[in-house]
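Letters A, B, ... are given to chains in the order of the sequence lines, protein chains preceding strands, and every chain is numbered from 1.
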Amino acid sequence: MTTSKVIFYNVLRFFLLILLQVLILNNIYLGGFINPYYYVYFILLLPYEIPGGLLLLLSFLLGAGVDVFTNTLGLNISACLAMGYARPHVIRWISSGPDSLIGNTPSLKNQGMKWFLYYSISLILIHHFVLFYLEAFRFTEFFKTFLRMALSSIFTLLLVLISEYLLYPKEK
Amino acid sequence: MRNLLVFLRKNYFILLFLLLETVSLSLFFNFNEFQNTTLYNISSTLTGALNSTFRNISEYFSLRKTNQTLIEEMAKLHSRLPDAYYKSDAYSFYRNDTVYLLQYRYISAKVISNTTNKRNNFMMISKGSLQGVKNHMGVIIGNRIVGQVVSVSPHFSWIMSMLNKDSKISGKFKKNNQLVNVEWPGGNYRYGSVKEVPKHVDIKAGDTIITSGNSDIFPEGIMIGTISDYTVATDENFNSGTLLFSTDFNSLGYVEIVVDLMRKEKEDLKETFKSQ
């Protein structure tokens with residue numbers, strides 16, 4: 001894929017995911033404990049080769065895009081920055097070497113189920129951990145917040161896996 | 001100097017991360033100051049415009065519920081009109097009415113974005129400072145509590161709904177006027193919690209909790225909810241209970257903003273008291 005095409009798809013994904021998050025996912029009520037933050041899929045899908053500065057800047061903008069719609073400026077930004085910062089480290093830890101990375105961007109199809117699960121679970125957990133604890137900001141609600149974080153992470157992961165299967169199906 | 005440049009180049013990723021994270025955390029914790037800036041007004045206008053467009057489409061799906069609420073409100077108001085009262089000319093006498101000076105005015109507004117699934121929920125409404133909305137005004141629907149205005153731009157305002165960890169409402173039992181604090185503990189949006197109920201107060205399931213009128217935000221007697229469950233503490237001085245909100249926060253279409261016309265007078269009085 002050419003560079004301009006990569007940029008185009010990422011810009012498109014950036015806006016689509018923010019709109020999906022603030023207009024639809026934020027309005028879905030599932031028992032009060034499940035609140036998926038599917039928009040982080042954008043950070044998961046950035047190319048491997050992205051410069052660190054750009055990665056952090058995009059994380060910042062992504063978080064800000066969601067924050068202005070929920071009147072919680074700083075909350076999603078902090079979570080996204082933590083996730084963006086952790087991303088290169090996570091990729092380095094779980095891959096056996098730079099040669100083991102196939103293609104431009106992380107995907108279930110290229111890297112296999114085990115790699116992709118490690119990758120997405122750890123990054124989603126980092127994001128959700130920062131987000132839910134900063135949001136509650138109370139030790140008296142520690143376990144309640146933990147439950148919300150865990151359930152929401154599972155739901156976000158499910159949405160990410162479903163979209164991996166739907167958007168990038170395995171070739172036969 | 002060269003060493004410094006080498007250090008910066010080598011560690012720029014973590015340094016940039018720390019810088020941005022500091023910016024974002026200070027935004028998060030000093031949000032109230034940021035709300036007065038022009039940038040905030042611009043972003044509010046943009047998100048407001050987008051939210052209203054989306055809301056214009058999605059409100060068609062809840063028309064039935066909106067109509068139902070409006071009809072109930074109308075019936076309530078009809079029953080207060082002079083026509084609804086029994087007219088007797090047999091025993092006419094002169095009497096000074098105790099209700100004669102207007103204290104509250106209401107501004108109706110459309111809810112254009114609303115959440116109930118977060119720990120701290122806010123809603124955006126379609127009226128702003130140009131229509132007379134100001135900070136710290138109470139927001140109700142019918143005779144039920146919704147929240148309070150926390151920031152205002154020219155055409156839109158943000159409301160901190162009852163479903164927020166910073167919402168602490170001063171309420172009281174309708175039956176005996178005992179004061180209690182009402183909060184939302186997170187989780188299910190239908191249930192709040194009642195804290196600091198004195199031991200001697202007889203708390204029962206089904207008790208009605210209304211606003212106390214002690215704060216300047218809500219008039220007295222706005223419905224908060226009914227007690228659905230309670231625990232009698234053995235070691236502490238206060239009992240606590242769970243409360244079922246009268247408001248269904250998940251299906252709010254329209255709200256009313258309470259304008260207290262005597263608010264300035266009250267605040268001036270407090271000022272003079274303080275300066276003495």
Should the heavy atoms of other residues, nucleotides or ligands under 6.0 Å from [atom1] of [X] be counted, would the total exceed 12?
X      : atom1 : answer
A:Y118 : OH    : no
B:K195 : NZ    : no
B:Y106 : OH    : yes
B:K65  : NZ    : no

- prompt: Between B:S44, B:S26, B:S24, which residue shows the highest count of heavy-atom pairs closer than 4.5 Å to chain A?
  reply: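 Among the listed options, the one with the most contacts to chain A is B:S24.
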
task: Heavy-atom pairs under 4.5 Å with chain A are the metric here; pick the option from B:S58, B:S113, B:G186 that has the most.
output: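 It is B:G186.
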
query: Heavy-atom distance under 4.5 Å to chain B: side chain of A:L25, backbone, both or neither?
result: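 Backbone only.
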
- prompt: chain B heavy atoms under 4.5 Å from A:A82: which part of the residue, side chain, backbone, both or neither?
  reply: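 Both parts, backbone and side chain.
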
- prompt: How about A:F137 and B:F29: are their ring centres within less than 6.0 Å of each other?
  reply: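 Here the rings of B:F29 and A:F137 have centres that are less than 6.0 Å from each other.
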
So for [X], is it side chain, backbone, both, or neither that comes closer than 4.5 Å to the heavy atoms of chain A?
X      : answer
B:L163 : neither
B:F13  : both
B:N121 : neither
B:Y12  : side chain
B:N120 : both

Using every non-hydrogen atom in the two residues, find where [X] and [Y] come nearest and quote the distance to one decimal.
X      : Y      : answer
B:K118 : A:N26  : NZ-OD1, 2.8 Å
A:G53  : B:L16  : CA-CD2, 3.6 Å
A:I28  : B:N117 : O-ND2, 2.7 Å
A:F69  : B:L50  : CZ-CD2, 3.3 Å
A:I24  : B:F54  : CG1-CZ, 4.4 Å
B:F122 : A:N71  : CD2-ND2, 3.4 Å

So how far is it from [X] [atom1] to [Y] [atom2], rounded to the nearest 0.5 Å?
X     : Y      : atom1 : atom2 : answer
A:L75 : B:F28  : CG    : CZ    : 5.0 Å
A:T70 : B:M123 : OG1   : CE    : 13.5 Å
B:L18 : A:L81  : CG    : CG    : 10.5 Å

message: Can you tell whether the side chains of A:E141 and B:R119 come within less than 4.0 Å, N to carboxylate O?
response: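 Yes, A:E141 and B:R119 are salt-bridged.
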
- prompt: So which of A:D67, A:L134, A:T72, A:I77 has the biggest tally of heavy-atom pairs under 4.5 Å with chain B?
  reply: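 Option with the greatest count: A:L134.
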
field: Flag side-chain contact, heavy atom, 4.5 Å: B:N51 against A:L23
entry: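 A side-chain contact under 4.5 Å exists here.
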
- prompt: Do the non-hydrogen side-chain atoms of A:Y85 and B:L20 ever get within less than 4.5 Å of each other?
  reply: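 No; the side chains remain at least 4.5 Å from each other.
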
